[in-house]
Amino acid sequence: MSQQVKAGKLTDIDPLGSRRLNVNGLEIALFRLSDGEILAVENRCPHKGGVLSEGMVCGPVVHCPLHDWRIDLRSGEALDPDKGCIETFPTEVQADGTIYLTVPASLLGASGTDTHIA
Amino acid sequence: MANKRKKLVLVGNGMAGVRTIEHLLKLAPDLYDITIFGAEPHPNYNRIMLSSVLAGGASMEEIVINDLDWYRENGITLHLGQAVSKIDSDNRRVYAEGGIEADYDELIVATGSDAFILPIPGADKEGVIGFRDIKDCVAMQEASRKHKKAAVIGGGLLGLEAARGLLNLGMDVTVIHINEYLMERQLDRPASLMLQKELEAQGMKFLLKKQTEAVLGKQRAKGLLFKDGSMLEADLVVMAVGIRPNVALAQRSGLAVERGIVVDDYMRTNVPGIYSVGECAQHRGIAYGLVAPLYEQGAVLAKSLAGVPVDGYAGSVTSTKLKVSGVDVFSGGIFVEPEGARALRYQDEIEGVYKKLVIMENKLIGAVLFGETGEGASLFSLIKSGENIAGREKELLLGLPADALASGGGGGSGTARLEAMPVDEIVCGCNGVSKGDIVSAIEGGCTSLGQIKGCTKASASCGGCKPLVEGLLQIHAGDDVVTVKEGICGCTSLSRDEIVADIKRMGLKTVKEVMNVLEWNNDEGCSKCRPSLNYYLGMLFPAEYKDEKESRFANERYHANIQKDGTYSVIPRIYGGVTSPTELKRIAEVAEKFDVPLVKFTGGQRLDLLGVKKEDLPGVWEALDMPSGHGYGKALRTVKTCVGSTFCRFGTQDAMGMGVRLEKAFERMNAPAKVKLAVSGCPRNCAEATVKDFGVVAVDGGWELHVGGNAGIHVRATDLLGFVKTDDEVEEWASAFLQYYRENATWNERTAPWVERVGLDHVKQVLSDEAERKALHMRLRDTLDRTVDPWKQIVNEPELRKNFERLPAAEAVSVSAADRNDRKEEESA
Ligand code: SRM
Ligand SMILES: Cc1cc2nc3c(=O)[nH]c(=O)nc-3n(C[C@H](O)[C@H](O)[C@H](O)COP(=O)(O)OP(=O)(O)OC[C@H]3O[C@@H](n4cnc5c(N)ncnc54)[C@H](O)[C@@H]3O)c2cc1C
Ligand code: SF4
Ligand code: FES
């Protein structure tokens with residue numbers, strides 16, 4: 001079971017930039033890669049909880065702003081030599097630029113689960 | 001008039017006694033009539049320098065401390081060559097051997113010590129001497145003219161200095177030592193062995209663990225006989241086995257004597273009116289054999305004789321240096337670790353350097369330095385002060401910032417130290433990487449610094465441990481070490497200079513273009529190269545280049561300092577640290593309005609609003625209506641000032657005015673690294689200008705310009721760039737210096753290491769060319785005139801401001817997995 005969320009438009013995010021959004025208590029970071037691909041991950045570095053949306057985007061990887069861990073935005077895995085993993089969320093961009101992302105209900109706070117379950 | 005003065009008599013015209021008199025004369029020149037008796041026929045001389053006299057480095061005249069004029073000028077009655085033989089303490093009178101007598105009210109006994117002559121058969125023969133005074137020195141010099149073979153009994157400080165002197169006098173010298181290693185009272189075994197090796201190389205011979213039983217010969221010494229039956233030929237025998245406090249007179253006169261004359265904390269003996277200082281005195285059980293403690297004793301005694309309030313003498317920690325052997329040896333405090341203490345060692349057999357620190361409860365209690373003794377004095381002051389040194393151990397041991405050790409990247413130095421390092425010792429403090437982690441990485445196949453950095457993170461942050469990592473690489477990878485040409489980051493093998501030259505030559509215009517054309521092995525670069533390329537491009541083409549904020553670190557992208565919880569801190573610019581009640585009120589109101597969790601004065605003379613939510617930043621800036629202080633950027637930070645001539649009674653110039661002027665001139669200036677300025681109104685330097693990147697110190701009639709200071713990770717005091725007279729010149733020189741730095745330093749390199757790298761002389765040479773200086777100044781002006789305040793810009797441009805907000809509350813649509821798939825198919829259709 002999962003919930004689909006409409007999350008702004010492609011143009012809301014600068015190339016190689018990021019925006020944050022909060023889905024029922026869950027902090028998500030949306031990234032726009034150089035080729036326009038949009039990726040969404042949990043906005044929390046597996047190291048010490050750094051806010052990944054503030055990091056520098058290099059290819060499909062974001063450098064955490066706090067201690068420079070590199071997180072692969074597609075897999076959510078920290079790159080070597082660091083170990084750790086964060087949630088990733090499937091995203092889709094509509095023809096009109098609207099971004100949708102899918103969040104598993106299990107990750108949402110109680111308030112989220114009762115309202116929008118598929 | 002004169003007979004109103006009290007009578008002070010000093011017995012012993014040596015270093016401690018006369019020093020006491022000198023001190024007393026400064027404190028109370030008219031209090032006493034002073035009489036001095038000296039057994040030697042010389043005025044007070046520097047006994048320490050006898051070693052140098054013997055070794056040929058100084059003449060007898062040069063070592064005199066107080067010449068006969070001094071005694072005369074100070075009205076001192078001096079009896080040279082007059083040994084005092086009796087003290088009549090009941091009648092307060094002393095008698096000398098030559099028949100001279102003197103009355104006293106106060107008496108100081110400072111008879112020093114005698115060389116200890118071993119009580120063995122033959123010790124009274126001609127050619128057997130101690131090493132204590134000018135007479136001994138002369139005897140050795142004479143012997144060296146007639147004889148060839150010298151034996152020095154005693155491998156301590158004194159014996160080795162005597163031996164070195166005799167070598168210089170052309171004698172064949174053997175040092176006989178009872179212990180198994182030399183200078184055991186000052187050195188531990190490793191240092192001692194290094195010393196021995198070095199002295200052997202100089203031609204000194206050693207017989208260790210040898211006990212002398214007799215001096216052979218008829219009238220004159222001919223040789224030595226040892227307990228093990230062996231013999232040594234020698235026609236000069238110097239006994240340097242120790243000193244004996246010279247207490248015969250005191251004993252005879254009824255003073256309490258143990259090893260030395262017993263004194264209390266005020267240097268008083270048991271007999272009223274009689275004091276004792278120097279090597280003959282025993283304080284709290286210790287009779288010292290070095291001048292520093294004796295001088296401390298002298299100071300205490302001088303003060304109490306002068307009637308100045310004084311804390312008693314509490315004993316001393318001592319340190320020694322071997323002066324004349326051509327080897328640098330320092331030893332201080334407790335150098336053999338007692339129970340509960342730990343010892344840190346550094347040994348470099350190639351360079352002949354050994355260092356040992358003894359630490360107990362985070363305090364330095366002792367140190368031994370061999371080969372490099374430059375830090376002896378500062379370590380000794382730490383030993384004496386007993387301050388907490390936790391966290392500074394490595395720096396103290398290595399004696400210099402760790403990265404300064406990396407000469408040329410060979411990393412060879414400190415091999416022994418690295419080998420001795422426990423596996424769990426942390427090498428990279430930033431990332432908590434231990435020696436063990438690095439060694440396993442090497443064993444796992446890492447053969448270059450880059451690879452180790454990649455797989456362990458060691459040296460990936462501040463880089464301070466790089467030499468250690470390189471050293472480990474050398475030890476554990478040996479011949480396999482790949483010294484890859486290191487590029488500015490893992491994405492390229494090109495250096496900063498190559499990149500900048502290529503950008504100029506090919507006219508590359510964007511970060512992406514540079515990475516493509518110069519064949520980066522990572523298409524989109526990394527968090528190291530991208531910001532640096534962005535900087536170089538902006539520096540080279542201030543007019544055309546459009547700054548790429550996506551290639552900037554969060555702080556510089558959002559123009560505030562990111563905190564660990566993702567909030568930001570805001571530091572508005574307060575020019576020169578000068579504010580006003582209105583401004584302060586506004587800051588206070590903003591802090592209240594936005595519920596700012598903490599307001600703090602920074603170390604840079606301004607206010608920091610900490611914990612501001614990202615979405616509030618533009619609102620905070622708008623309400624503050626002050627420019628950004630750039631407290632987050634590789635940019636001009638603060639210009640600290642002192643109050644200067646505006647209010648201060650010492651101020652020579654308007655420091656605040658100059659600070660404000662410079663801050664206005666250079667605000668918004670990007671640079672390879674952060675840049676800090678300060679202006680002080682006089683050489684008291686309250687604005688700490690001499691640890692800034694560019695520091696200005698006002699002096700009467702002008703300004704001193706200082707460059708290359710840093711108060712951060714490695715403190716570095718500035719170098720003096722020059723002196724100028726006018727305010728305009730200050731700005732011009734500052735501007736030229738900063739621009740030259742901007743154009744030539746490597747990204748992330750502050751002025752301190754940069755100045756060290758290129759050399760102050762080079763910088764001076766460039767800047768003193770007036771045409772060049774003005775050109776640099778104009779280029780910086782041109783660059784800065786194109787900049788705008790980033791806060792204002794963000795506040796006013798919705799495209800920029802949007803990035804601070806969360807995306808609008810996401811509207812949720814409930815869909816099933818199936819629905820979603822349908823839609824996807826539609827799309828792709
Ligand atoms: C706010 C302040 C501390 C304070 O509360 O007083 C501060 C805070 C930080 N300093 Fe600092 N430094 C502050 C004055 C200093 C000073 C003193 C000064 O400027 O007079 C120094 C030593 C002087 C010098 O730079 O030579 C100083 C030497 C450092 C260093 C070491 C730099 C070096 O070259 O060795 C770093 C690390 C770095 O830059 O890589 C650093 C880094 C930092 C950072 C930016 C760490 C970071 O990257 O997050 C801290 C940000 C805290 C935050 O989130 O706001 N801070 N820092 C001071 C701001 C002054 C201002 O008004 O702008
Ligand atoms: C070769 C050499 C090298 C040294 N190197 C160092 C060094 O590197 N660092 C260091 O800290 N220390 C060093 N020392 C030790 C230092 O010189 C002594 O600690 C210091 O001189 C002691 O001062 P004092 O006044 O107690 O004794 P002294 O300087 O010996 O003075 C005592 C004086 O009293 C005289 N005297 C004795 N009895 C009588 C009497 N009855 N009547 C009149 N006069 C009398 C003696 O002749 C002598 O002149 C060295 C010593 C020597 C010999
Ligand atoms: S010294 Fe500077 S960098 Fe370190 S904690 Fe304090 S403010 Fe932060
Ligand atoms: S919190 Fe992200 S690297 Fe430390």
Side-chain angles (χ1 to χ4, degrees), chain A residues 1-9 12-24 27-28 30 33-34 43-44 48-70 80-82 90 92-95 99-103 112 115-118, chain B residues 430-431 433 437 441 452-458 460-461 491 512 522-531 548-555 557-558 562-568 614-615 799-800 802-820 823-824 826-827:
Chain A
M1 290 205 288
S2 61
Q3 178 185 353
Q4 205 173 46
V5 178
K6 195 165 136 191
K9 286 197 175 311
D12 289 335
I13 312 177
D14 296 344
L16 299 184
S18 173
R19 296 291 297 275
R20 307 166 293 161
L21 76 159
N22 188 299
V23 182
N24 296 326
E27 273 277 314
I28 294 176
L30 278 177
L33 307 191
S34 52
N43 197 11
R44 249 187 82 79
K48 291 191 175 169
V51 188
L52 295 174
S53 56
E54 316 299 283
M56 199 182 299
V57 179
C58 301
V61 168
V62 65
H63 287 251
C64 175
L66 294 198
H67 317 98
D68 208 36
W69 277 32
R70 290 174 303 155
D80 275 350
D82 301 312
E92 293 168 29
V93 183
Q94 303 271 278
I99 301 168
Y100 281 91
L101 69 153
T102 310
V103 185
T115 35
H116 308 287
I117 311 170
Chain B
C430 294
N431 298 306
V433 187
D437 297 333
I452 295 184
K453 218 189 265 182
C455 50
T456 66
K457 287 228 158 173
S461 296
C491 307
K512 184 109 198 129
N522 251 346
D523 279 0
E524 298 202 2
C526 71
S527 59
K528 275 219 166 62
C529 56
R530 289 241 312 268
E548 294 179 10
K549 68 176 177 347
E550 64 275 16
S551 293
R552 284 185 179 267
F553 175 62
N555 286 357
R557 196 155 8 115
Y558 299 112
I562 192 164
Q563 312 290 300
K564 57 183 186 177
D565 61 355
T567 61
Y568 283 83
K614 187 183 179 190
E615 49 274 31
E799 246 323 279
L800 297 173
K802 74 168 194 301
N803 288 316
F804 290 79
E805 259 122 57
R806 279 206 170 67
L807 281 173
E811 177 194 320
V813 218
S814 297
V815 279
S816 66
D819 284 351
R820 205 161 45 96
R823 186 158 49 220
K824 221 174 196 157
E826 275 164 34
E827 258 170 45

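Sequence lines set the chain letters: A, B, ... in the order given, protein chains first and strands last, and positions in each chain run from 1. Small disclaimer: the values here were computed from a predicted structure and weren't measured.
Nearest approach of Ile562(B) to Pro65(A), heavy atoms of both residues: CD1-CG, 3.9 Å. Residue Lys564(B) comes nearest to Leu66(A) through the heavy atom pair O-CD1, 3.5 Å, listed as atom of the first residue, atom of the second, then distance. Between Arg806(B) and Glu27(A), the shortest heavy-atom distance links the atoms NH2-OE2, 2.5 Å.
The part of Phe804(B) that comes within reach of chain A is its backbone (N, CA, C, O), which places non-hydrogen atoms under 4.5 angstrom from that chain. In this structure, chain B has no heavy atom under 4.5 Å from any part of Leu101(A). With a 4.5 Å cut-off on non-hydrogen atoms, Asn522(B) does not touch chain A at all. Contact of Asp80(A) with chain B is made through the backbone alone, with heavy-atom distances under 4.5 Å.
Here the side chains of Lys549(B) and Asp14(A) are in contact, with some heavy-atom distance below 4.5 Å. At least one side-chain heavy atom of His63(A) sits under 4.5 Å from a side-chain heavy atom of Cys526(B).
Ion pairing of Lys528(B) with Asp68(A) is absent here, as no side-chain N (NZ or NE/NH1/NH2) approaches a carboxylate O to less than 4.0 Å.
For the set Lys802(B), Glu550(B), Arg552(B), Glu548(B), the count of heavy-atom pairs under 4.5 angstrom toward chain A peaks at Lys802(B). Interface remark: of the candidates Ser551(B), Pro531(B), Ala554(B), Ser527(B), Ser527(B) forms the most heavy-atom pairs closer than 4.5 Å to chain A.
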Using the side chain to side chain contact (heavy atoms under 4.5 Å, CB included) rule, take Asn803(B) and Arg19(A) through it: C-alpha gap first, then chi angles, then the decisive distance, then the call. CA-CA 7 Å; Asn803(B) 288 316; Arg19(A) 296 291 297 275; 3.7 Å; yes

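Atom CD in Glu799(B) sits 9.0 Å away from atom CG in Asp12(A) (nearest 0.5 Å).
Residues passing the side chain to side chain contact (heavy atoms under 4.5 Å, CB included) test with Lys512(B), sequence neighbours excluded: Thr510(B), Asn516(B), Glu524(B).
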Sequence neighbours excluded and cut-off under 3.5 Å, please list the side-chain donor-acceptor pairs for residues 49-62 of chain A, or say none.
unit_1, atom_1, unit_2, atom_2, d
Ser53(A), OG, Asn43(A), ND2, 3.1
Glu54(A), OE1, Tyr568(B), OH, 2.4
Glu54(A), OE1, Lys614(B), NZ, 3.1
Glu54(A), OE2, Lys614(B), NZ, 2.9

